[in-house]
A.B. asks: 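The following block contains the structure, expressed as structure tokens.
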Amino acid sequence: MNMLLLANSNGGKKTTLAKIVAATLFVISVAIWFSVLDYIGFALSFGTTDGHNLPLYAVSNFSAAAVNCNLLQYSILSAVTRAIGVWAVGMVFLLISMFWCNALVPFVYNLGVALCLIMIGASQSFQAISGSR
């Protein structure tokens, strides 16, 4: 693909930038989609969408939350944080994929990075849960 980018009159930096923008738009749209599904699941779990102005600590699961905001602000903050995190991981995957010509090697490396990130997240979550008791 790099040879094609160099040989094409519109290749090079323009095409690379277009790929990064396309990946960014895709990743952020997926993160927003999951945030909308998360909000719908929250509304279905609690049986209402009322209470946007209630403080976050009004929900028993968030009684010890470190943020001081209402439910609507928290859902927006959560969506933005999720989008930034998913974008950062997506850009790491693109960076890793940049160094190999075939698709299998970066796929395996990206899978390894994803598994490492999952394990780190799970261990941090476990430490947070066991440390709070």
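Below, each value reflects all heavy atoms present in this structure, side chains not excepted, and no hydrogens, waters or symmetry copies.
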A.B. asks: Using 0.5 Å steps for rounding, measure from the CG atom of Leu54 to the CG atom of Asn70.
C.D. replies: 8.5 Å
A.B. asks: Under 4.5 Å between side-chain heavy atoms, hopping through other hydrophobics if needed: is there a path connecting Val92 to Val89?
C.D. replies: yes
A.B. asks: Is there a path of hydrophobic side-chain contacts, each under 4.5 Å between heavy atoms, that joins Phe93 and Leu95?
C.D. replies: yes
A.B. asks: Is Trp100 linked to Leu104 within one hydrophobic cluster, defined over Ile, Leu, Val, Met, Phe, Trp and Tyr using a side-chain heavy-atom separation of less than 4.5 Å?
C.D. replies: no
A.B. asks: Could you list the donor-acceptor pairs under 3.5 angstrom formed between side-chain atoms of residues 108-119 and any protein atom two or more places apart in sequence or on another chain?
C.D. replies:
{"unit_1": "Asn110", "atom_1": "ND2", "unit_2": "Ser97", "atom_2": "OG", "d": "3.2"}
{"unit_1": "Asn110", "atom_1": "ND2", "unit_2": "Pro106", "atom_2": "O", "d": "3.1"}

A.B. asks: Give every residue pair that meets the salt bridge (charged side-chain N to carboxylate O under 4.0 Å, His left out) criterion with at least one member in residues 66-82, sequence neighbours excluded.
C.D. replies: Asp38-Arg82
A.B. asks: Are the side chains of Lys19 and Leu94 in contact, using a 4.5 Å heavy-atom criterion?
C.D. replies: no
A.B. asks: Do the non-hydrogen side-chain atoms of Met91 and Ile20 ever get within less than 4.5 Å of each other?
C.D. replies: yes
A.B. asks: Given Leu25, which partner from the list Ile28, Val27, Val21 fulfils the side chain to side chain contact (heavy atoms under 4.5 Å, CB included) test?
C.D. replies: Val21
A.B. asks: Hey, does the side chain of Gln124 reach the backbone of Gly121 with a donor-acceptor pair shorter than 3.5 angstrom?
C.D. replies: no
A.B. asks: Let me check something: any side-chain donor-acceptor pairs from residues 74-81 under 3.5 Å, sequence neighbours excluded? List them with distances.
C.D. replies:
{"unit_1": "Ser75", "atom_1": "OG", "unit_2": "Leu71", "atom_2": "O", "d": "3.4"}
{"unit_1": "Ser75", "atom_1": "OG", "unit_2": "Leu72", "atom_2": "O", "d": "2.8"}
{"unit_1": "Thr81", "atom_1": "OG1", "unit_2": "Leu77", "atom_2": "O", "d": "2.8"}

